[in-house]
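Structure first, then comments.
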Amino acid sequence: MDMTSGRRGDAGRRQFAPWADPAAQPLVRFERVAKRFSGHVALDDLSLDIFEGEFFALLGPSGCGKTTLLRLLAGFETADSGRVLLDGQDISPVPPYRRPVNMMFQSYALFPHLTVAGNIAFGLKQDGLSKSEISVRVAEMLALVRLEALAARKPHQLSGGQRQRVALARSLAKHPRVLLLDEPLAALDQKLRQDTRFELKELQARLGLTFVIVTHDQEEAMTVADRIGVMDQGRLVQVAPPAEIYEQPLNRWVAGFIGDVNLFEGKVALQDVDGVAVDSAAGRLRAFSTDKVTMGDTVWIAVRPERIRLVPARPGDAAPTGNAIAGRVADIGYLGGVSVYQVALPDGTKVKATLASTTRLTERPIGLDDEVWLNWPADAGRVLVR
Amino acid sequence: MHKRASLFCLASLGFGLAFLYLPMVILVIYSFNASRLVTVWGGWSTRWYAELLRDEAMLDAAWTSLRVALLSAGAATVLGTLAALALTRIGRFRGRLPFSAMVYAPLVMPEVITGLSLLLLFVAADIDRGFWTLSVAHTTLTMCFVTIIVQASLIGFDGSLEEAAMDLGCPPLRTFLTVTLPLIAPALASGFMLAFALSLDDLVIASFTSGPGATTLPIQIYSQVRLGVKPEINAICTIMIAVVAAAVIAASLIAKWRDLRSAGTGLPAA
């Protein structure tokens, strides 16, 4: 196949960015697709390119249309308008059982009347492979998910984590052009879910396949994906690598949906080479902006809680572009590794600041009701115009 | 946790079982009665069973009943399953409500009416009554029971299993045969058995729709009883009870054996 972008090689993840290459051909292209379900808009004129070898995450609240988009690619839904292209071919008229795309279902959908090996072999049998070929491939898949010992078990005799691996092996057995994962880890418990995220990412990198995952768990999307498409109400709000989504959210909704954020509303007072100054209720704040702003515009400054430093006295050596505002500690949430401080400003608004627990709890330098200063550099704040 | 059964529970159990099975027990005991008089005990004997084997009419009737029951239960299972599929899978089609109501109608319709209307149909169509009309009539009677049983299992069926099969390259018809059918097979089997039992049991519809040469066992028994209860009748009824009981026990043993086999490979790792 003609791919201008190579697979992720020794150069590492950082080098893999086919979406930035205007000459790159996408593996999957959604072209202005729209879909309604009895009046409810599931997909609203949505376009998206996904590239060979990419791990793409569709992230959004429930009902945002992310699963519909996945099912459109699998062939279980047809778009009201628009096209779905795979390798440049319109696959809209191709039924699901002829698409070189496999899906891992949220419920796993393992066939209860077949053994683990039977489940994995199911798709291969449909292709008319010989018995020996099938048994070789099944053994390969069992080894891949480390379930060799359980080949003869039935699904109801497996734990949740084992079932999840069978479902993964079954969907990978046919070497699909694209593997679709619908909330693959939602049914696992917290600890197992975290471990499995890394396994999934490692597996995808090793096989060099294209994965599209649907999730409502932002941590999951951030961990596994090369790029995240943040969806809301049938539209893609922002499509970017995880770090960019987190550090440069496009608007207040994305900033609030991905991680925690403090928002300061104000009017633009000054714009120079160092960034923007905004007059807010908390005083004049300086921040960094990539958007064009004009004087007097209402904007929001987004600051992540972990970028804010808490100091007992006014920081004297603060750079002229830094920010320092006074407040009083209203609440401390102790989460073990980090503590979340709620600091009330004089006007009553609360600002969140996360601090790593570097000392014992009893030796904490800042306690409840202490007067503190919130301090963060200008480039930690980001101006949002929407 | 075992709770000691209270006296009340034991009494209810005993009363319930007696209510259900006392008549049958008496029938079975009297089938071994040596006396020709049904109500007088004359010692143990199997002479009525031997007598039965010489009763050509009774044996013919039993054979007819068996064939009709097998054929109509088979046809009812196929038709009932198709109806259940239509009712559960094709979302909201025009006339879904009347259709589902019509499928269930024979359930509440007095059998006399069903029998009479079938008789009128066969007479109007000028079809000679016999084995085939009887089989058709029993299919009509039992189909709705199969539909109800299969529909219940289809409603509880996880649709993503069929999607998964298709996703793995399996066309719709093959998906139905290799995934859906094996999973709803228990419902089909119990539907078949119920239809079989209903057909074997039916007297009213059979008396309307059967003709000469197609006398079923219930008709034969009923016509003999009208001339007075002979001990032979007790014998044939005992055999029927034995056959039905054997079938039910076999079915539950098969189910149990299957569970044991699938669990036999060991318990899931914790």
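FYI, side chains are in, hydrogens and waters are out, and symmetry mates aren't considered; it's all heavy atoms of this structure. Throughout, protein chains are lettered first and strands after them, A, B, ... in sequence-line order, and every chain is numbered starting at 1.
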Q. Does a side-chain heavy-atom distance below 4.5 Å link A:Tyr108 with B:Leu161?
A.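 No; the side chains remain at least 4.5 Å from each other.
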Q: Evaluate the side-chain proximity of A:Phe76 to B:Asp167: yes if any heavy-atom separation is below 4.5 Å, no if none is.
A: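 Contact flag for B:Asp167/A:Phe76 side chains = yes.
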Q: For chain A, find its close neighbours in residues 169-178 of chain B: heavy-atom separation under 4.5 Å, sorted by number, or none.
A: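 Under the 4.5 Å heavy-atom cut-off, B:Gly169, B:Cys170, B:Pro171, B:Pro172, B:Arg174, B:Thr178 qualify.
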Under 4.5 Å heavy-atom distance to chain B, tell me which part of [X] shows up: side chain, backbone, both or neither.
X        : value
A:Arg71  : side chain
A:Phe105 : side chain
A:Leu180 : neither

Q) Considering all heavy atoms of both residues, which atom of B:Ser160 and which atom of A:Ser107 are nearest to each other, and what is their separation? A)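 Heavy atoms only, the tightest pair is OG-OG, 3.1 Å.
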Q) Which pair of heavy atoms, one from A:Lys174 and one from B:Leu168, lies closest together, and at what distance? A)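 Result for this residue pair: NZ-O, 2.7 Å.
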Donor-acceptor pairs are to be reported for all side-chain atoms of residues 179-195 of chain B against protein atoms at under 3.5 Å, with residues two or more places apart or in another chain.
unit_1: B:Thr180; atom_1: OG1; unit_2: B:Glu162; atom_2: OE2; d: 2.6
unit_1: B:Ser190; atom_1: OG; unit_2: B:Pro186; atom_2: O; d: 3.0
unit_1: B:Ser190; atom_1: OG; unit_2: B:Ala187; atom_2: O; d: 3.2

Taking atom [atom1] of [X] as the centre, does the number of heavy atoms from other residues, nucleotides or ligands within less than 6.0 Å exceed 12?
X        : atom1 : value
B:Tyr21  : OH    : no
B:Leu17  : CG    : yes
A:Phe198 : CZ    : no

